[in-house]
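Order of the sequence lines sets the chain letters (A, B, ...), proteins ahead of strands, with each chain counted from 1. All values below come from the heavy atoms of this structure, side chains included, with hydrogens, waters and symmetry mates left out.
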There are 2 protein chains.
Amino acid sequence: MVTELPVVDVTDACCASVVGEAMDADTAATLASKFKAIGDPTRLRLLSLVAAHEGAEACVCDLTEPVALSQPTVSHHLKVLVEAGLLTRSKRGTWSYYALVPGALDDLADLLRTPLTV
Amino acid sequence: MVTELPVVDVTDACCASVVGEAMDADTAATLASKFKAIGDPTRLRLLSLVAAHEGAEACVCDLTEPVALSQPTVSHHLKVLVEAGLLTRSKRGTWSYYALVPGALDDLADLLRTPLTV
DNA sequence: CCCATTCATCGACGGATGTCAATGTATAGG
DNA sequence: CCTATACATTGACATCCGTCGATGAATGGG
């Protein structure tokens with residue numbers, strides 16, 4: 001039931017990789033929580049929509065209609081992505097603007113890379 | 001309800017990317033199912049264990065003890081990974097040997113990459 | 001043959017998850 | 001002020017998911 005983000009940051013495990021040394025349980029849990037965040041079709045589309053949106057940021061009202069889901073549901077998914085460290089939220093006026101965390105997806109991608117030189 | 005692997009293959013969407021053009025629902029569903037497969041700590045460890053194992057393959061009996069789970073549970077997770085296209089299963093004698101699908105993780109990694117040149 | 005080993009499948013259980021309607025909160029405009 | 005807009009939170013619900021014990025299927029050794 002631990003949905004909280006574990007204390008261990010992915011970047012803490014400096015040389016961690018899925019395909020390198022056998023992964024310990026803590027690293028696996030931290031990593032899995034991030035992959036789980038993008039393991040949902042709606043959240044994947046939200047990431048994509050935010051990235052493709054003008055200014056590389058979008059508010060909830062920009063996203064509700066494209067994904068055809070209720071506003072609370074979209075807010076929920078965005079919260080999950082923020083807690084996973086993939087999106088930032090900045091409130092300006094009545095609007096909440098969401099944007100990609102620079103490098104966050106790239107860091108995840110690096111962990112999936114198979115080391116060519118063993 | 002639809003847990004079956006969709007007909008659309010990730011590679012079919014030749015230039016698909018999370019951060020490129022806005023993703024359509026089908027592509028998102030296909031992609032998400034793969035990320036969901038690695039969005040579990042146990043499956044992440046299994047991938048890692050298989051990759052790190054001698055000969056880059058491992059049987060169920062090699063994996064049960066490291067992850068400290070029952071044999072049916074391990075078999076279940078391995079099945080999920082096979083259906084996600086991340087592992088192969090080859091039965092030799094009484095044993096089932098699991099190995100990484102070459103390039104599968106790299107393909108996933110590529111989809112997460114932020115295009116530096118917009 | 002009989003039995004041990006390896007693994008997959010089934011059925012069941014509890015907890016997690018995605019979704020919505022209803023409600024609460026804050027900001028902006030008249 | 002009063003109201004409208006944008007968003008978060010809550011509570012509820014159905015479904016999904018991870019886990020296990022029990023069982024079944026296949027292989028190989030005495």
Note to self: When you measure from the side-chain N and O atoms of A/Lys36 to the phosphate of D/dC17, is any distance below 4.0 Å, counting only OP1 and OP2?
What the structure shows: no

Notebook entry, point to check: Rest of the hydrophobic cluster containing A/Tyr97 (Ile/Leu/Val/Met/Phe/Trp/Tyr, side-chain heavy atoms under 4.5 Å)?
Noted result: A/Trp95

Next item on the list: Quickly work out the B/Leu69 CG to D/dC17 P distance and round it to whole Å.
Entry: 18 Å

Margin query: Using a heavy-atom cut-off of 4.0 Å across all strands, would you classify A/Tyr98 as base, sugar-phosphate, or nothing?
Written below: sugar-phosphate

Item checked: Contacts of A/Arg43 that satisfy side chain to side chain donor-acceptor pair (under 3.5 Å) - sequence neighbours left out -> A/His77

Notebook entry, point to check: Got A/Ile38 and B/Leu31 here, is their nearest side-chain heavy-atom distance under 4.5 Å?
Noted result: no

Check: Quick one, which residues of residues 71-79 of chain A touch DNA chain C with a heavy atom under 4.0 Å?
Finding: A/Pro72, A/Thr73, A/His76, A/His77

Notebook entry, point to check: In chain order, what residues pass the side chain to side chain donor-acceptor pair (under 3.5 Å) check against B/Thr94, with sequence neighbours excluded?
Noted result: none

Item checked: Partner set under side chain to side chain donor-acceptor pair (under 3.5 Å) for B/Ser75, not counting sequence neighbours -> B/Gln71

Notebook entry, point to check: Under the salt bridge (Lys or Arg N to Asp or Glu O under 4.0 Å) test, which residues partner B/Asp106, sequence neighbours left out?
Noted result: A/Arg113

Notebook entry, point to check: Going by number, which of residues 53-68 of chain B have a non-hydrogen atom under 4.0 Å from DNA chain D?
Noted result: none

Check: Quick one: does A/Leu86's side chain get under 4.5 Å of A/Val101's, heavy atoms only?
Finding: no

Checklist line | Results of side chain to side chain donor-acceptor pair (under 3.5 Å) for A/Thr73 - residues two or more places apart only | finding: A/Ser70

Margin query: Apply the hydrophobic cluster definition, ILVMFWY joined by side-chain contacts under 4.5 Å directly or through others, and give me every member besides B/Val80.
Written below: none

Notebook entry, point to check: Is B/Thr88 close to B/Val82 at the side-chain level, that is, under 4.5 Å between some pair of heavy atoms?
Noted result: no

Contacts under 3.5 angstrom, residues 54-66 of chain B side chains, donor-acceptor by atom type, not counting sequence neighbours:
| unit_1 | atom_1 | unit_2 | atom_2 | d |
| --- | --- | --- | --- | --- |
| B/Glu57 | OE2 | B/Arg92 | NH2 | 2.8 |
| B/Asp62 | OD2 | B/Cys59 | N | 3.2 |
| B/Thr64 | OG1 | B/Val60 | O | 3.0 |

Next item on the list: Take B/Tyr97 and A/Ser70, find for each the nucleotide of DNA chain C with the closest heavy atom, and name the residue whose nucleotide sits nearer the 5' end.
Entry: B/Tyr97

Got a list of protein N/O to nucleotides 26-30 of chain C N/O distances below 3.5 Å?
none

Checklist line | Distance below 4.0 Å between A/Arg89 side-chain N/O and D/dC7 OP1 or OP2 | finding: no

